[in-house]
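Naming: A, B, ... by sequence-line order, numbering from 1 per chain. Everything numeric in this text was worked out from a predicted model, so none of it was measured.
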Number of protein chains: 2
Amino acid sequence: MSLQLVAGHQARVAPAVPFASETQSLSSLFSRQPVERIAAGAAVFWEGDQANHIFEVVEGTLRALRILSDGRRIIIGFLRPGDLLGVSLKDHYLYTVEAITPVELRRFSRHRFESESARAPHLKEQLFSRLCDEMAAAQDQMVLLSRRSADEKVAGFLLMMVRDQRENRRPVVELPMTRLDVADYLGLTIETVSRTITKLAGNGASRRSGVTRSPS
Amino acid sequence: MSLQLVAGHQARVAPAVPFASETQSLSSLFSRQPVERIAAGAAVFWEGDQANHIFEVVEGTLRALRILSDGRRIIIGFLRPGDLLGVSLKDHYLYTVEAITPVELRRFSRHRFESESARAPHLKEQLFSRLCDEMAAAQDQMVLLSRRSADEKVAGFLLMMVRDQRENRRPVVELPMTRLDVADYLGLTIETVSRTITKLAGNGASRRSGVTRSPS
DNA sequence: CGGGCGTTTGATCGGGGTCAAGGCCGGTGG
DNA sequence: CCACCGGCCTTGACCCCGATCAAACGCCCG
């Protein structure tokens with residue numbers, strides 16, 4: 001489903017990608033790797049797997065999630081082109097990553113990345129910087145989860161989506177993920193998410209446009 | 001206030017401090033710095049300040065927090081001896097840090113740390129590892145905030161406290177922070193925190209013991 | 001055409017927020 | 001020494017937001 005945000009033009013300035021030149025060199029490292037394709041719904045890796053690889057998203061959208069012992073599901077975040085997966089010094093991945101849409105990504109073995117970055121310390125620097133960004137995002141998410149009302153959560157989520165998709169000029173935000181994904185990301189139920197979106201549309205804050213579901 | 005947890009002995013094994021030998025060398029870097037004393041209630045630095053220093057907590061308890069524009073307060077986490085403050089490559093601190101009890105800490109200028117770690121890359125390695133631990137903790141916190149009931153939150157918080165204070169054999173957990181701190185950490189109100197603790201005591205899960213308030 | 005999945009919408013319930021009152025303790029000043 | 005005050009905590013009454021239970025719709029696909 002896509003949704004046209006009347007408030008789209010009010011979106012804050014996107015946080016600048018730091019060190020465009022350095023990011024260049026980090027992604028250039030990946031650009032030599034072959035592109036792998038993942039089908040929608042398939043997992044890239046699972047929480048607890050040996051963390052042997054780092055990935056860069058080339059195309060598509062993914063979800064990072066954890067399942068609690070009692071079945072409750074938490075979406076840690078959504079990954080989009082340019083994002084890195086599996087950046088951690090832990091031996092095991094902290095969460096499962098699944099493709100929402102068909103995905104293209106490039107893989108780098110951690111072992112090889114270590115040796116590469118040993119020769120070029122600025123690579124490790126960039127990784128560090130990425131991790132700090134992710135840390136800041138995690139803290140913002142904690143604020144969102146602990147202190148925002150359902151309305152604020154959903155509106156904030158839509159504005160985040162619109163910010164990430166700035167490249168297309170129209171204030172139309174595509175939501176490749178399901179309501180369940182959004183709900184598990186915001187700490188709400190699918191019913192509340194659906195109701196809130198409907199309410200925002202009623203307020204004139206946004207308007208629904210066509211449905212374009214991707215095949216499961 | 002302190003609180004005796006009957007369930008204390010059930011606390012899980014504390015997540016091992018990784019690389020005891022490396023931690024040694026990292027803290028040995030700090031050990032050459034003079035100890036600074038901070039009064040209870042005083043701030044070490046503020047959200048948005050130039051991030052010019054890294055700190056190591058020697059003694060006492062601190063809170064890391066952010067204030068939303070509308071006054072809502074979020075406790076990101078509590079800091080205890082051995083923890084590092086201000087570890088981030090960002091130019092500005094992401095949150096305010098205040099002393100809860102009287103605190104002792106050692107300071108290291110970021111500039112100097114950079115040059116030190118340039119000569120000894122394993123130092124950067126350790127910092128990286130710390131950041132990953134913090135990342136994992138942040139994700140656990142997100143799970144806590146989004147999907148746990150008030151009972152689970154408070155019980156989980158008390159168990160965390162008991163784990164951190166394992167050194168004293170008695171299953172008594174000291175809570176240096178106020179109810180407001182706990183509430184803002186768990187995404188609850190002080191009334192709910194208070195009620196829940198009372199209920200846990202009634203269930204026999206815990207028992208209240210003496211009140212030892214530190215002077216403001 | 002029928003079945004399944006994702007979504008929307010409605011009705012009801014309950015956990016936790018809100019408002020309010022009172023208790024406990026330490027500090028302070030008469 | 002005691003009365004007062006101000007923080008912090010506890011407890012009670014009430015209410016509302018969002019969860020839960022339930023039903024129906026739209027779209028895709030067999």
Rounding to a whole Å, what distance do you find between [X]:[atom1] and [N]:[atom2]?
X       : N       : atom1 : atom2 : value
E191(A) : dC21(D) : CD    : P     : 10 Å
R179(B) : dT11(D) : CZ    : P     : 10 Å
L180(A) : dT20(D) : CG    : P     : 13 Å
D184(A) : dG18(D) : CG    : P     : 17 Å
I190(A) : dT8(C)  : CD1   : P     : 10 Å

To check you understand the geometry: which heavy-atom pair defines the closest contact between I54(B) and V87(B), and what is its length?
CG2-CG2, 4.3 Å
Of all the heavy-atom pairs spanning L29(A) and Q33(A), show the shortest one and how long it is.
O-CG, 4.3 Å
Is the shortest side-chain N to carboxylate O distance from E36(A) to R106(A) below 4.0 Å?
no
Check this for me: does any side-chain nitrogen of one of E152(A) and R72(B) sit under 4.0 Å from a carboxylate oxygen of the other?
yes
Looking only at side-chain N and O atoms, does T178(B) come under 4.0 Å of OP1 or OP2 in dG7(D)?
no
Quick tally for nucleotides 12-17 of chain C: nucleotides whose base has a protein heavy atom under 4.0 Å get B, sugar-phosphate-only ones S, the rest -, giving ----SS
With sequence neighbours excluded, residues passing side-chain contact (heavy atoms from CB on, under 4.5 Å) with I67(A):
L65(A), R73(A)
I'd like to know whether the aromatic ring centres of F55(B) and F108(B) sit less than 6.0 Å apart in this structure.
no
